[in-house]
Protein chains: 2
Amino acid sequence: MPTRSEEDHIKAVYTLLQEGDSAFTKDIAERLQNKASSVTVMLKKLAEKGFLKHEPYYGAKLTAKGRGFALQLVRRHRLWETFLVERLGFGWDEVHEVAEQMEHVKSEKLIDKLDAYLGKPHFDPHGDPIPDKKGVIRERKTRRLDSCAAGDHVRIAAVSETTDGLLRLLDSKGLRIGTSLMVQEVHAFDGSMDVKPKSGSAFSLSKDVSHHLQVEKGKP
Amino acid sequence: MPTRSEEDHIKAVYTLLQEGDSAFTKDIAERLQNKASSVTVMLKKLAEKGFLKHEPYYGAKLTAKGRGFALQLVRRHRLWETFLVERLGFGWDEVHEVAEQMEHVKSEKLIDKLDAYLGKPHFDPHGDPIPDKKGVIRERKTRRLDSCAAGDHVRIAAVSETTDGLLRLLDSKGLRIGTSLMVQEVHAFDGSMDVKPKSGSAFSLSKDVSHHLQVEKGKP
DNA sequence: AAAATAGATTAGTCTTGTCTAATAATGAGG
DNA sequence: CCTCATTATTAGACAAGACTAATCTATTTT
Ligand SMILES: [Mn+2]
Ligand SMILES: [Mn+2]
Ligand SMILES: [Mn+2]
Ligand SMILES: [Mn+2]
């Protein structure tokens, strides 16, 4: 049974591999607010325990066992986030840190019952998929909003950075998971984008924002 | 901010002082499944941090600060137990260990919202009082069932030992918090007691069981 | 190709929390 | 008052997880 710190390291590797194709010491350290040297030591231990392969100087890859653990941890994290937002009335910008703690509570029964209680949700409050008990993730095809062109009709599927600032900015513009938008114009100069929600008037989004919005095709 | 282990020690001292009038090293160790020597070290540290007074060889007493912390921890523990039973459908014999972990999640907002979500309950699934946000406990006058005499009408208010075995035994006899009983006879030989629930026929309870049931006066 | 830089690793230290073994204090019975 | 069993404390060891400082590797720049 991995310790809390081990779990967090495994999850960091998993997330980095999701986002790119490599999990480097420095990036893991940054994510966990640790020093790189501490991460190196941890990676060596996790490699010995069979959760990952550590290729010194070239980062880490998860083994099947490591991936399985990571998926369960991600499942717990996202189920708790869902609980906090749907049942306790937290804002979507307030749940990350708390879920970061709750995900480490050890009880399979707890997660089974929580999952059932929430209605076996497939997505968390940020639109991220929740792996099922077996670790299976329902796949969707999404693209970043900043890769869309004028005239595209889209629906916000997920926010890929859950920093408080971004989430509150989205709140202030009335953007949330499920919101439908039409891309009116993309400005080459700064990459900003004018979008129009189904109801309401158009406004502009900076590239910083549109880059972190995952969208799926919407109907015109 | 106390660590998890510090919190557990403070709570153990609190509970022992509730049950008797002293918290000795050995009993704390037993409760926490640690060795006495480890507890001594911890008590010294907690005394330095101002949570308690440690009188070597005579046990520990909480300071006001320590009592405040203990009450908040007890609050969190019992709120989570309530959540697990009332919302997730756990049995009352299954929640202790999980709540033992959840109580350590650090977030004041979480507990406020959980409390509101549960309807600001005053008692947990075992009938134990839940301190409010300020640490105030609603007092009741209860007595142990084994101190009752033939003819007494009582209502089960709390179970003072939450071992799985006892709770399941109570389940099997249909006894729970709020059940009303009439004491029919007390047998001097073994201290066992015949009781009759409001509806249903009478049965016998051993002294081991009646000793752990807290009751309040019921109507005849 | 050499040098510079960024990143990674190693070595050694510290803190926390636990243990075992040795020693000491307390309180009860004789 | 002495002895003994119980309980508590101290001392010393260890493992986990973090850090800093020193060293090393890979890659980019000159
Ligand atoms: Mn975490
Ligand atoms: Mn999320
Ligand atoms: Mn606990
Ligand atoms: Mn309880």
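Just so it is clear, the structure is predicted and the values come from calculations on it, not from any experiment. A note on names: the letters A, B, ... follow the listed sequences, proteins ahead of strands, and every chain is numbered from 1.
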B:Ile28 CD1 - D:dT9 C1' separation (whole Å): 14 Å

Cation-pi, A:Phe83 ring and B:Arg87 (6.0 angstrom, 45 degrees): no

Given DNA chain D, 5'-ward residue of the pair A:Ala36 and B:Gly59, judged by closest heavy atom: B:Gly59

Cationic N near anionic O, under 4.0 Å, A:Asp152 to A:Arg143: yes

Rounded distance (Å) that lies between atom P of C:dT9 and atom NZ of A:Lys26: 14 Å

N/O donor-acceptor pair, side chain A:Thr40 with base C:dT10, under 3.5 angstrom: no

Residues B:Arg76 and B:Glu81 bridged, charged N to O under 4.0 Å: no

Value in whole Å for how far the P atom of C:dG17 lies from NE2 of B:His104: 12 Å

A:Arg4 CZ to D:dG17 C1', straight-line distance once rounded to whole Å: 13 Å

Distance test, side-chain N/O of A:His54 to OP1/OP2 of C:dT9, below 4.0 Å: yes

d(CG, B:Asp27; C1', D:dT7) in whole Å: 10 Å

Side-chain N or O of B:Ser38 closer than 4.0 Å to phosphate OP1/OP2 of C:dC19: yes

B:Ser5 side chain near C:dT16 phosphate (N/O to OP1/OP2, under 4.0 Å): no

Nucleotide C:dT18, atom P - distance to NE2 of B:His9 in whole Å: 6 Å

A:Lys44 side chain near C:dT10 phosphate (N/O to OP1/OP2, under 4.0 Å): yes

5′-ward residue of the pair A:Glu6/A:Tyr57 relative to DNA chain D: A:Glu6

Distance in angstrom units between A:Leu32 CG and D:dA16 P, rounded: 19 Å

Atom pair NE2 (B:His126) and CD1 (B:Ile177), whose distance is rounded to the nearest 0.5 Å: 8.0 Å

Sugar-phosphate, base or nothing in reach of A:Thr25, heavy atoms under 4.0 Å: sugar-phosphate

B:Tyr58 side-chain N/O to D:dT9 phosphate OP1/OP2 under 4.0 Å: no

Out of D:dC19, C:dC19, C:dA8, whichever nucleotide has its closest atom nearest the side chain of B:Lys35: C:dC19

Value in whole Å for how far the C1' atom of D:dA16 lies from CG of A:Asn34: 13 Å

Electrostatic pair B:Glu6:B:Lys49 at N-O distance under 4.0 angstrom: yes

Which nucleotide in D:dA8, D:dT10, D:dC19 has an atom nearest any side-chain atom of B:Ser37: D:dT10

